[in-house]
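Input: a single structure, listed below in structure tokens.
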Amino acid sequence: MQRFPDIEIYLAQADVDAITAWLREALDDDALTLARSGKGIWRGKATCAARPINIMLVERAADHFASLWFDCDATPWPRDTDCARDASVRLGCEARCSLGGWQPGDDPDRFWQVLPDGQEGTIDWPDPGQ
């Protein structure tokens with residue numbers, strides 16, 4: 001399985017304390033904190049597999065979803081979909097992510113949706129019917 005160079009997911013809820021608790025456990029870094037670095041922007045650093053990971057959380061990044069981005073390939077999740085599944089279950093909220101690496105000609109509005117009850121599949125985002 002190819003490991004993505006970075007991970008980005010979108011979360012329906014941006015509870016910073018819950019996200020921080022999940023990340024501390026998932027990244028095995030009890031010292032991790034997310035500090036406000038602007039209006040609706042949180043940044044943090046973690047160490048996983050002896051490598052530094054820069055983390056950024058942007059509240060209300062897209063259609064009221066928060067963006068959670070990891071600038072490293074040393075996360076416990078090889079792909080965005082793996083992180084979205086873990087986040088959805090652990091945070092009890094809907095998570096979305098890209099379908100994979102984007103190439104010219106790909107539909108930029110197709111995303112993978114993961115619901116806390118385990119349902120998942122492709123969606124158009126934004127929904128053209130809205």
Side-chain angles (χ1 to χ4, degrees):
M1 173 184 320
Q2 180 184 355
R3 183 170 279 280
F4 287 6
D6 66 348
I7 300 287
E8 183 176 21
I9 63 171
Y10 298 89
L11 302 167
Q13 297 173 12
D15 180 329
V16 176
D17 291 334
I19 292 169
T20 301
W22 164 58
L23 293 178
R24 283 178 179 163
E25 184 176 328
L27 300 174
D28 195 24
D29 187 339
D30 292 337
L32 169 67
T33 60
L34 294 176
R36 186 178 297 275
S37 70
K39 184 175 181 179
I41 299 173
W42 301 79
R43 295 181 190 270
K45 289 189 180 205
T47 301
C48 187
R51 293 191 46 208
I53 300 173
N54 290 315
I55 302 166
M56 183 169 62
L57 174 68
V58 178
E59 300 171 330
R60 293 182 289 277
D63 290 341
H64 304 291
F65 277 72
S67 166
L68 181 60
W69 179 61
F70 303 88
D71 185 19
C72 186
D73 67 352
T75 68
W77 314 283
R79 301 170 301 156
D80 295 13
T81 52
D82 302 310
C83 182
R85 286 179 184 119
D86 190 28
S88 181
V89 169
R90 296 296 310 274
L91 299 172
C93 72
E94 178 182 350
R96 296 178 179 182
C97 63
S98 67
L99 294 174
W102 188 83
Q103 301 292 325
D106 287 352
D107 185 347
D109 295 334
R110 299 291 289 167
F111 280 78
W112 193 254
Q113 176 189 51
V114 182
L115 300 175
D117 66 4
Q119 294 183 58
E120 55 185 84
T122 57
I123 60 166
D124 286 321
W125 188 31
D127 183 347
Q130 292 181 346

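Since we're looking at a predicted model, the values are computed, not measured. When a residue number appears, it is its place in the shown sequence, counting from 1.
Remark: Arg51 pairs with Asp73 by the salt bridge (charged side-chain N to carboxylate O under 4.0 Å, His left out) rule, at least two apart or across chains. Every side chain to side chain contact (heavy atoms under 4.5 Å, CB included) that Arg85 has, sequence neighbours left out, goes to Arg79, Thr81, Asp82, Trp112, Val114, Glu120. Applying the side chain to side chain donor-acceptor pair (under 3.5 Å) test to Arg24 and every residue at least two apart in sequence or in another chain returns nothing. With sequence neighbours excluded, the residues that form a side chain to side chain contact (heavy atoms under 4.5 Å, CB included) with Asp17 are Asp15. For Thr122, the side chain to side chain donor-acceptor pair (under 3.5 Å) partners at least two apart in sequence or on another chain are Arg110. A search for salt bridge (charged side-chain N to carboxylate O under 4.0 Å, His left out) contacts involving Asp71 returns nothing, not counting sequence neighbours. Scored by the salt bridge (charged side-chain N to carboxylate O under 4.0 Å, His left out) test, Glu94 finds Arg96 as partners (sequence neighbours excluded). Under the side chain to side chain donor-acceptor pair (under 3.5 Å) criterion, Arg60 pairs with no residue at all, not counting sequence neighbours. Residues that satisfy the side chain to side chain contact (heavy atoms under 4.5 Å, CB included) test with Ala21, not counting sequence neighbours, are absent from this structure. Applying the side chain to side chain contact (heavy atoms under 4.5 Å, CB included) test to Val16 and every residue at least two apart in sequence or in another chain returns Thr20, Leu34, Trp42, Leu57, Glu59. Take Thr33 and apply the side chain to side chain donor-acceptor pair (under 3.5 Å) test, not counting sequence neighbours, and it matches no residue.
In this pair, Phe70 and Trp77 present their aromatic rings tilted. The plane angle is within the 30 to 60° band.
The shortest heavy-atom contact between Ser67 and Ala61 is CB-CB, 3.7 Å. Heavy-atom minimum distance, Cys97 versus Phe111: O-CD2, 3.2 Å. Here the closest heavy-atom approach between residue Leu32 and residue Lys45 is recorded as CD1-O, 3.3 Å. Nearest heavy atom pair, residue Ser88 against residue Cys93, reads OG-O, 2.8 Å. Smallest separation of non-hydrogen atoms from Cys83 and Ile9: SG-CD1, 3.7 Å. Minimum interatomic distance between Leu11 and Ala87 (heavy atoms only, all atoms of both residues): CD2-CB, 3.9 Å.
Residues Asn54 and Cys72 are not in side-chain contact: their nearest non-hydrogen atoms beyond the backbone lie 4.5 Å or more apart. Thr75 is listed as a side-chain neighbour of Arg3, based on a closest heavy-atom distance under 4.5 Å.
Between atom CG of residue Asp6 and atom CD1 of residue Ile53 there is a gap of 11.5 Å, rounded to the nearest 0.5 Å. With rounding to the nearest 0.5 Å, the separation of OG in Ser98 from OH in Tyr10 is 8.0 Å.
With side-chain heavy atoms closer than 4.5 Å counting as contact, directly or through intermediates, the hydrophobic cluster containing Val58 also holds Ile41, Met56, Trp69.
Checked by atom type and distance alone, the side chain of Asp63 never pairs as donor or acceptor with a backbone atom of Phe65 at under 3.5 Å. Counting only distance, with no hydrogens or angles, the side chain of Arg43 and the backbone of Gly38 share no donor-acceptor pair below 3.5 Å.
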